[in-house]
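See below for the structure under consideration.
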2 protein chains.
Amino acid sequence: MRIGELSERTNTSRRLLRYYEEQQLIVSTRSANGYREYDERLADRVMQIRGLLDAGLPTRIIKQILPCLDKPRTIHFSDATPEMIATLTLERDRMTERINCLIRNRDAVADYLEAVSGTGDPEVVVARAGSGTGDPEVVIARAGTGAATA
Amino acid sequence: MRIGELSERTNTSRRLLRYYEEQQLIVSTRSANGYREYDERLADRVMQIRGLLDAGLPTRIIKQILPCLDKPRTIHFSDATPEMIATLTLERDRMTERINCLIRNRDAVADYLEAVSGTGDPEVVVARAGSGTGDPEVVIARAGTGAATA
DNA sequence: TGAAACCCTCACATATATGTGAGGGTCAAC
DNA sequence: GTTGACCCTCACATATATGTGAGGGTTTCA
């Protein structure tokens, strides 16, 4: 697909798609006329990038994280230098901190909303945690706690 | 306490503390000589601000979220205009999205690390979720999944 | 009295992710 | 063959969070 389609599918400006490529977060081939040609799978990747950027990670870090997400992981094992491992470990922990911070504050906001408006549409929040050696882990779901929605 | 102490306690440059004040995220009184004087509690607040900034929230939004965190919440009920509620609801949901995105990616990174280095120090991750009408909710904790730490 | 360690304001500089637009090709349809 | 919708590169602009430093007070302590 070309840049216009990817742009629409991911709701991301063409300018940004070119920027992500410049930052080596995505790749493209060029067709004869010089137009960028994108793989289907890139749509997902772009969404991932946007999410991470929105969560405060700089492109420099995202670039290092993205390979961890590829399906046939075996290919990337070779890149696993000690420095890379160290970086990823650090970033993993920073992400966990961010998560905890966001959860704390999100919950505070949610509490406030429920307190102030009776029922701030009690939402189902699902969070997959863990990710050990493969076993599917705990899933938590919070349902409304008594106060019925209008 | 004065700005120097707050700066050290929160590991935040004086420049940034003044900036946060300018953005109305924190307040200070002035002593006779014009020096800023800070309340003890501000140290926590500054940490909170830094966490949220790091998680991608702009000061404009943080300013609206912070009042939700104050203990005697009753005081702030008056500010609860419909627009404010709408903003907070939106931001709560955006935070949840961020959380889910971060969890997904953090777990992917963690998986990668465990796969590549045997045991990437299996960490305990605690996440308080929910936050309903007061009842303490589910707590998930992931322990090492077999592979013992060195 | 002078040096050191604080504090103040103001202004300019930087990095990062983005927007906008100029100047110019390609291609399909009419 | 011209028009409209694409695409390209390049460059400049903007917002936000930060750093840096100048120019200048205050307090403390020798």
Side-chain angles (χ1 to χ4, degrees), chain A residues 1-39 42-43 45-66 91 94 97-98 101-102 105, chain B residues 1-39 42-43 45-66 91 94 97-98 101-102 105:
Chain A
M1 102 189 80
R2 277 174 307 175
I3 204 171
E5 187 178 345
L6 185 58
S7 170
E8 275 185 12
R9 281 213 217 170
T10 59
N11 202 31
T12 302
S13 74
R14 291 139 211 249
R15 171 71 170 85
L16 275 187
L17 292 175
R18 299 197 187 101
Y19 175 68
Y20 297 157
E21 181 174 335
E22 184 187 309
Q23 301 302 308
Q24 303 174 54
L25 303 183
I26 58 179
V27 289
S28 71
T29 57
R30 297 299 181 112
S31 39
N33 51 17
Y35 291 6
R36 267 167 262 253
E37 199 64 36
Y38 297 103
D39 186 291
L42 272 184
R45 167 147 306 204
V46 169
M47 295 309 288
Q48 201 120 32
I49 291 168
R50 304 223 69 188
L52 289 171
L53 277 172
D54 184 60
L57 283 79
T59 52
R60 175 178 40 89
I61 299 300
I62 296 175
K63 181 172 26 168
Q64 311 210 264
I65 286 177
L66 283 178
E91 283 312 314
R94 281 177 56 74
E97 277 170 37
R98 266 177 249 238
C101 174
L102 280 172
N105 286 280
Chain B
M1 97 188 84
R2 277 174 305 177
I3 203 170
E5 188 178 344
L6 185 58
S7 170
E8 275 186 12
R9 282 213 217 171
T10 61
N11 202 32
T12 302
S13 73
R14 290 137 211 251
R15 171 70 172 86
L16 275 188
L17 292 175
R18 300 196 187 99
Y19 175 69
Y20 296 157
E21 181 173 336
E22 185 187 308
Q23 302 302 307
Q24 302 174 54
L25 302 183
I26 57 178
V27 289
S28 70
T29 56
R30 297 296 180 115
S31 39
N33 51 17
Y35 289 7
R36 266 167 263 253
E37 198 65 34
Y38 297 102
D39 187 290
L42 273 184
R45 168 148 305 206
V46 169
M47 295 309 287
Q48 202 118 31
I49 291 168
R50 305 223 70 188
L52 289 170
L53 277 171
D54 184 60
L57 282 78
T59 52
R60 173 178 41 89
I61 299 300
I62 295 176
K63 182 172 26 170
Q64 311 212 263
I65 285 177
L66 284 177
E91 282 313 314
R94 282 177 55 74
E97 277 170 38
R98 266 179 249 240
C101 173
L102 279 172
N105 287 280

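Chain letters run A, B, ... following the sequence lines, proteins first and then strands; every chain starts at 1.
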TODO: Output all residues satisfying side-chain contact (heavy atoms from CB on, under 4.5 Å) with B:E37, sequence neighbours left out; order by chain, then residue number.
DONE: B:R2, B:T29, B:S31
Open item on the list: Closer than 4.0 angstrom, basic N to acidic O: yes or no for A:D39 and A:R45?
Closed with: no
TODO: Side-chain contact test, heavy atoms from C-beta onward, threshold under 4.5 Å: evaluate it for A:T10 versus A:L42 and give yes or no.
DONE: no
Open item on the list: For B:E91, give me all partners under side chain to side chain donor-acceptor pair (under 3.5 Å), at least two apart in sequence or on another chain.
Closed with: none
Open item on the list: Nearest whole Å is fine: how far is D:dC6 P from A:L17 CG?
Closed with: 15 Å
Task: Backbone of A:T12 reached by a side-chain donor or acceptor of A:S7 within 3.5 Å - done: yes
Open item on the list: Output one letter per nucleotide in nucleotides 8-18 of chain C: B when a protein non-hydrogen atom lies under 4.0 Å from the base, S when only the sugar-phosphate is that close, - when neither is.
Closed with: SB-B----SBB
